[in-house]
Amino acid sequence: MSDERASIEVLEGGPLLVKNLDKLTGADGRPVEKPVEREDSDRNLFALCRCGGSANKPFCDGTHKENGFTGERGSPEEEGVRVCEGQELTIVDNPGACCHAGECVDGAPDVFFRWEGDERRAVPDADERQKIIDTIRRCPSGSLAYRLGDELHDEYFSEAEIFVSEDGPLHVRGGPELVDESGAAPVSKDHYALCRCGASKNKPFCDGAHRDAGFTG
């Protein structure tokens, strides 16, 4: 096991270069064997596809050079932080980071999300506090956090990991550093979701576009 911090470098127009990460997990919950091209190559250095076209998913096979992939980043559909205060806890929502996994509306539908005019808001007093906390902690994108009193809670994982979801994004957990020369940074350094279908308008982050794109892998 490496003593160095795990990191993920976003290569312009190319894959995600992962360093010093020991835990790569597949959708079945089992470890994913990292590729080793040579006997002396480093298992703690590997590239993950983000163009959606690799025949060796989740790993890069160079297809991005042929399919016209660019890492150009658009703007999130919604931006800005919304702070929704309740009697027992406060919900902090950054919708621009949402990957539309649905954990919030599935876990606490009376809380997430109500409409007030043209703005979507959470209602912290609409369900039990612990149920809301458990729901927020399942959000893979980092777009949701909560406050108890003055203390912000947005770190939930103790071990660095990348979880490869089925037909969906890479769920990064436990604080691997994201290195992106474009300046893109996750809302939560503890956990975030990275696009691997190539269709997100919020690259390198997932915005749920894989569903409409018909991505599989």
Side-chain angles (χ1 to χ4, degrees), residues 1-51 54 56-62 64 69 71 73 76 81 92 94 96-99 101 103 133 136-147 151-166 168-198 200 202-207:
M1 181 177 295
S2 172
D3 292 330
E4 297 185 51
R5 181 182 178 185
S7 66
I8 303 170
E9 182 179 358
V10 182
L11 300 183
E12 183 179 359
L16 299 165
L17 188 62
V18 183
K19 302 176 183 178
N20 301 313
L21 183 88
D22 295 303
K23 191 173 183 181
L24 180 66
T25 308
D28 59 2
R30 298 178 180 177
V32 177
E33 185 68 21
K34 302 168 190 174
V36 179
E37 297 181 359
R38 307 186 314 271
E39 289 186 1
D40 62 344
S41 62
D42 189 348
R43 287 179 180 269
N44 275 326
L45 178 64
F46 56 93
L48 295 176
C49 173
R50 68 183 186 114
C51 76
S54 174
N56 188 33
K57 298 183 186 74
F59 303 104
C60 172
D61 67 356
H64 59 276
F69 171 76
R73 187 183 186 209
V81 178
V92 181
N94 191 321
C98 181
C99 70
E103 295 289 354
I133 290 174
I136 290 174
R137 291 172 70 94
R138 288 195 295 271
C139 171
S141 68
S143 65
L144 291 174
Y146 64 95
R147 287 180 182 157
E151 184 177 359
L152 178 67
H153 296 262
D154 65 349
E155 297 184 1
Y156 314 135
F157 301 95
S158 59
E159 183 179 10
E161 174 188 17
I162 295 178
F163 173 79
V164 184
S165 65
E166 183 176 3
L170 299 167
H171 293 179
V172 182
R173 303 165 176 169
E177 179 185 9
L178 186 68
V179 181
D180 189 339
E181 291 187 355
S182 74
V187 171
S188 168
K189 294 181 180 180
D190 175 70
H191 58 284
Y192 47 93
L194 296 176
C195 172
R196 67 186 186 103
C197 74
S200 174
N202 190 30
K203 297 183 187 75
F205 307 106
C206 171
D207 67 357

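Remark: K189 NZ is loosely packed, at most 12 non-hydrogen atoms of other residues, nucleotides or ligands lying under 6.0 Å away.
Nearest heavy-atom pair, P176 versus I8, reported as atom, atom and distance to 0.1 Å: CB-CD1, 4.2 Å. Smallest separation of non-hydrogen atoms from L178 and P186: CD2-CD, 3.9 Å. Between S143 and C139, the shortest heavy-atom contact is OG-SG, 3.6 Å. A pairwise comparison of heavy atoms in S54 and N56 identifies OG-N, 2.9 Å as the closest pair. Nearest heavy atom pair, residue E166 against residue A27, reads N-CB, 3.6 Å. Taking both residues in full, the closest heavy atoms of G26 and V32 are given as N-CG2, 3.4 Å, listed atom of the first, atom of the second, then distance.
A perpendicular orientation is assigned to the rings of Y192 and F205, their planes being inclined by more than 60° (bins at 30° and 60°).
Proximity of T25 to E161: side-chain heavy atoms (C-beta onward) are separated by under 4.5 Å at one or more points. With a 4.5 Å cut-off on side-chain heavy atoms, Y156 and I136 count as touching. Residues L170 and F163 fail the side-chain proximity criterion, which asks for heavy atoms closer than 4.5 Å. Between V164 and R196, the closest side-chain pair of non-hydrogen atoms falls below 4.5 Å. No side-chain heavy atom of I162 sits less than 4.5 Å from a side-chain heavy atom of L194. Proximity of V10 to L16: side-chain heavy atoms (C-beta onward) are separated by under 4.5 Å at one or more points. The shortest distance between side-chain heavy atoms of L11 and R50 does not fall below 4.5 Å.
The backbone N or O of L21 lies less than 3.5 Å from a partner atom in the side chain of K34, making a donor-acceptor pair. No donor-acceptor distance shorter than 3.5 angstrom exists from the side chain of R73 to the backbone of P204, with no hydrogens or angles considered.
Atom-to-atom distance recorded for H171:NE2 and S165:OG is 4.0 Å, nearest 0.5 angstrom.
Remark: the D190 side chain and the S188 side chain contain no N/O donor-acceptor pair separated by less than 3.5 Å.
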